[in-house]
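The figures here come from the full heavy-atom set of this structure, side chains too, leaving out hydrogens, waters and symmetry mates. Chain A is the first sequence line, chain B the second, and so forth, proteins listed ahead of strands; every chain is numbered from 1. The structure presented is a predicted model; accordingly, all values stated were derived computationally and were not measured.
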Number of protein chains: 2
Amino acid sequence: MSARARILDAIRAGEPVSRVELARRTGLTEAAVSTTVRKLLDEGLVLETGRSPSGGKPRTLLRLDPAARVAVGIHHDGDRIIYVLTGQTGGVLARLATPAVSPSYAAGPLADGVERLLSVAGVDRDRCLGVGVATADGPPPDEIAGFPVLSQDQATAAAVGAYWVERVEPERPFAALYLGTAFGAGVVLDGRARPAGFGHVCVLVDGPECWCGGRGCLEAVAGPRTVITSGGPAGFDAVARQARSAPGPCREALEASAGYVAAAAETVVNLFGVNLLVLTGPGFAAASFVYGPAIARRIRAADARTWKRSVTVTVSPAATIAAATGAAALILQSHLTR
Amino acid sequence: MSARARILDAIRAGEPVSRVELARRTGLTEAAVSTTVRKLLDEGLVLETGRSPSGGKPRTLLRLDPAARVAVGIHHDGDRIIYVLTGQTGGVLARLATPAVSPSYAAGPLADGVERLLSVAGVDRDRCLGVGVATADGPPPDEIAGFPVLSQDQATAAAVGAYWVERVEPERPFAALYLGTAFGAGVVLDGRARPAGFGHVCVLVDGPECWCGGRGCLEAVAGPRTVITSGGPAGFDAVARQARSAPGPCREALEASAGYVAAAAETVVNLFGVNLLVLTGPGFAAASFVYGPAIARRIRAADARTWKRSVTVTVSPAATIAAATGAAALILQSHLTR
DNA sequence: CGATGATTCTTAAGCCAGTGAAGTAACCTC
DNA sequence: GAGGTTACTTCACTGGCTTAAGAATCATCG
């Protein structure tokens, strides 16, 4: 990893931050930090923004210029396509939703969406670094509206998004659990995101058969389709709403699901050694009042008695559009790494 | 990762290999490879060993000099202490076992063992890079017999050992499952080994309580202590021997355990996305005839229907001393990385 | 047998990132 | 406003790597 990348990543995670702190955190010399930051300032990627007293000359604080570069994220979540425009810090500048199209990643409609998003936000094309796509099924086109495209499965993209939005430290191992139409997870280790087959963790050795052919997969035992009880309301969100308003079969179905998800989450924390778990995606957004406490309870217990590494469980604040913002973060991440 | 490290690692995984191949595999230019290899030859770390025709000038093949540098690995496995001396390629040059001592990592006795091992092998102290310790309980001393010490838990150490002995490609994600007095696992991703809490993967949501306080952990449901049936012979090895000689309760106990271990192994492959699984450690060495097929069967099935990335399952050829050779490999690995 | 071509490896000049050490800037206290 | 303290900058230098050109070593073929 180049000095430039290390410094940008340290600013991402720690902003606002001074040059001396950057030197300490990246292990580079102050001289190297000074010259590289000079370049970043000249390029307009970084801003000087205030000072903090220190006993001698005050530190000048640095942060990423949120508006210097932007990226577009796209997520086809089943019934609609979500477009998000983020700044360099991962913050959402504008968003847009259109009805789903078929095939899922037809370049034409996606290009229209991107153009509309950019014009709504009043952002110049030159400042846009690229388009990220959070995929659920097929691969997206190589180019959308003339922009380079990067893609990742939705859960991994959401993990990258959380890495930016939550300002996770690069050394801190963390996992994002995703619930959309299905379960997924992404794990970030040493700043590299990788998918994890969370939905097909086996939670019941001789459980019901899963569409994947396995037995007792989390998806088959506790997936959203099992939660939508035959007699209940149509759709996961409706179940969650009803469960929230009053106890009853809907809440029980969610609680049952949450018990299994918590067990699978424990396995993830256990195997990857992460100490931060982010719940994200529309499913967890709708039903976080059940899943959040259930998972946190189980993880806290295991942490207290065994791991002892103060594992944190949080629900992503923008969980419904997490995959789209994550897709945009893929672009930011790739521009940072180079 | 420096060019030197990349080249050494590529030779480790691919030897014998020519300079052009190294350039291709590491992404460095041929010029850079040439000069760094020159240095490695001068230092005596690498040997030129034959040539291979190529249409033009034949390629000169390079390999690590097995005897150029050596490392010592130590593993305290409960009833005895195993010392292993390995060459630069991870091959075992000499070994030694002494009765266990208490406390487990008393510097004095360990130093004696190391000195005896070196003198038995007739190896000069200068050529020994250091001492690795595969730990099960406490931390080892910082220094043994005047050598620097590195340590890792036994399963992770065994994973590093397998990485060397099996010549795993650096980009290839792989996991080593370990069975000694308990289960463990190490996973190597991007050339970095990390421990994975394999023994406490939950395989039965409301299973029996584990000593760790959890419920339904692999260790509690299928660990060696559960295999040693109350009426059966004393010790896991005895059970394995009896199971091998004839069907009966011992074989059944192992088969039952293997079913759960296979499920947990599937979870590991699924979450980490590895495509190579190595079974190692004395437990798997003794009972590989049961665990090997059971795990391979389950993994093969899941791979055929879902993953489709040709996952390989193997049993380590030197599984009984894997932790010790792995400990020595820790030293090799650290000297390579610098 | 010597020219030709192919391929591998080496050498030389240059570039660039990062280091070390010394210098400058900005604030505090007294 | 002098002196101390900390933050940042400048500059000469080093070393690793690249590009480009050259040397070595084999096969082939007239």
Participant: If you take the centroid of each ring, where Trp contributes its six-membered ring, are B/F272 and A/F272 closer together than 6.0 Å?
Facilitator: yes
Participant: Quick one: on DNA chain C, does B/L61 or A/G56 contact a more 5' nucleotide (nearest heavy atom)?
Facilitator: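 Looking at DNA chain C, the more 5' nearest nucleotide goes with B/L61.
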Participant: Nearest-Å distance, CZ (B/R4) to P (D/dC17)?
Facilitator: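 Value for this atom pair: 11 Å.
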Participant: Specify the separation, in whole Å, of atom CD of B/E30 and atom P of D/dA24.
Facilitator: 17 Å
Participant: Output the rounded distance in Å from CD (B/E21) to C1' (C/dT7).
Facilitator: 13 Å
Participant: Hey, what do you get for CG (B/L64) to OG1 (B/T49), rounding to the nearest 0.5 Å?
Facilitator: 11.5 Å
Participant: Could you tell me whether the phosphate oxygens of C/dT7, OP1 or OP2, come under 4.0 Å of any side-chain nitrogen or oxygen in B/R19?
Facilitator: no
Participant: So, A/R12 and A/D9, do they make that salt bridge, N to O below 4.0 Å?
Facilitator: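 Judged by the 4.0 Å cut-off on N to carboxylate O distance, A/R12 and A/D9 do form a salt bridge.
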Participant: How about A/D42: does its CG atom have over 12 heavy atoms from other parts shown lying under 6.0 Å from it?
Facilitator: yes
Participant: To the nearest Å, how far apart are A/L22 CG and D/dA7 C1'?
Facilitator: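 In whole Å, D/dA7 C1' lies 13 Å from A/L22 CG.
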Participant: D/dG16, D/dA7, C/dG18: which one has an atom nearest the side-chain heavy atoms of A/A32?
Facilitator: C/dG18
Participant: Of the nucleotides C/dT8, C/dA26, D/dT25, which one has an atom closest to the side chain of B/V20?
Facilitator: C/dT8
Participant: Students often get this wrong, so: under 4.0 angstrom with heavy atoms, is B/T60 touching a base, only sugar-phosphate, or nothing?
Facilitator: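 Sugar-phosphate, backbone atoms only, no base.
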Participant: Can you tell which of D/dT10, C/dG18, C/dA25 lies closest to the side chain of A/K57?
Facilitator: C/dA25
Participant: D/dA7, C/dG18, C/dA12: which one has an atom nearest the side-chain heavy atoms of A/S54?
Facilitator: D/dA7
Participant: In terms of side-chain heavy atoms of B/T29, which of C/dA26, D/dT19, C/dG18 is nearest?
Facilitator: D/dT19
Participant: Measuring from the side chain of B/S18 (C-beta onward, heavy atoms only), which nucleotide among C/dC9, D/dC8, D/dT18 has the closest atom?
Facilitator: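 That would be C/dC9.
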Participant: With a 4.0 Å cutoff (strictly under), does any side-chain N or O of B/R59 reach OP1 or OP2 of C/dT8?
Facilitator: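 The answer is yes; a side-chain N or O of B/R59 sits under 4.0 Å from OP1 or OP2.
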Participant: Find the distance B/R6:CZ to D/dG16:P and express it as a whole number of Å.
Facilitator: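 Checked: the CZ to P distance equals 14 Å.
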Participant: Would you kindly give the CZ-to-P distance between B/R24 and C/dC9, to the nearest whole Å?
Facilitator: 12 Å
Participant: Any carboxylate oxygen within less than 4.0 angstrom of a Lys/Arg side-chain nitrogen, looking at A/E43 and A/R4?
Facilitator: yes
Participant: Report which part of the nucleic acid B/A3 touches: base, sugar-phosphate, or nothing (heavy-atom distance under 4.0 Å, all strands).
Facilitator: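 If one applies the 4.0 Å heavy-atom cut-off, B/A3 turns out to touch the sugar-phosphate alone, with no base involved.
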Participant: Identify which nucleotide among D/dT9, D/dT19, C/dT10 has an atom closest to any side-chain atom of A/R38, counting heavy atoms from C-beta outward.
Facilitator: D/dT9
Participant: Check every atom of D/dT10, D/dC8, D/dC26 against the side chain of B/R51 and return the nucleotide holding the closest atom.
Facilitator: D/dC26
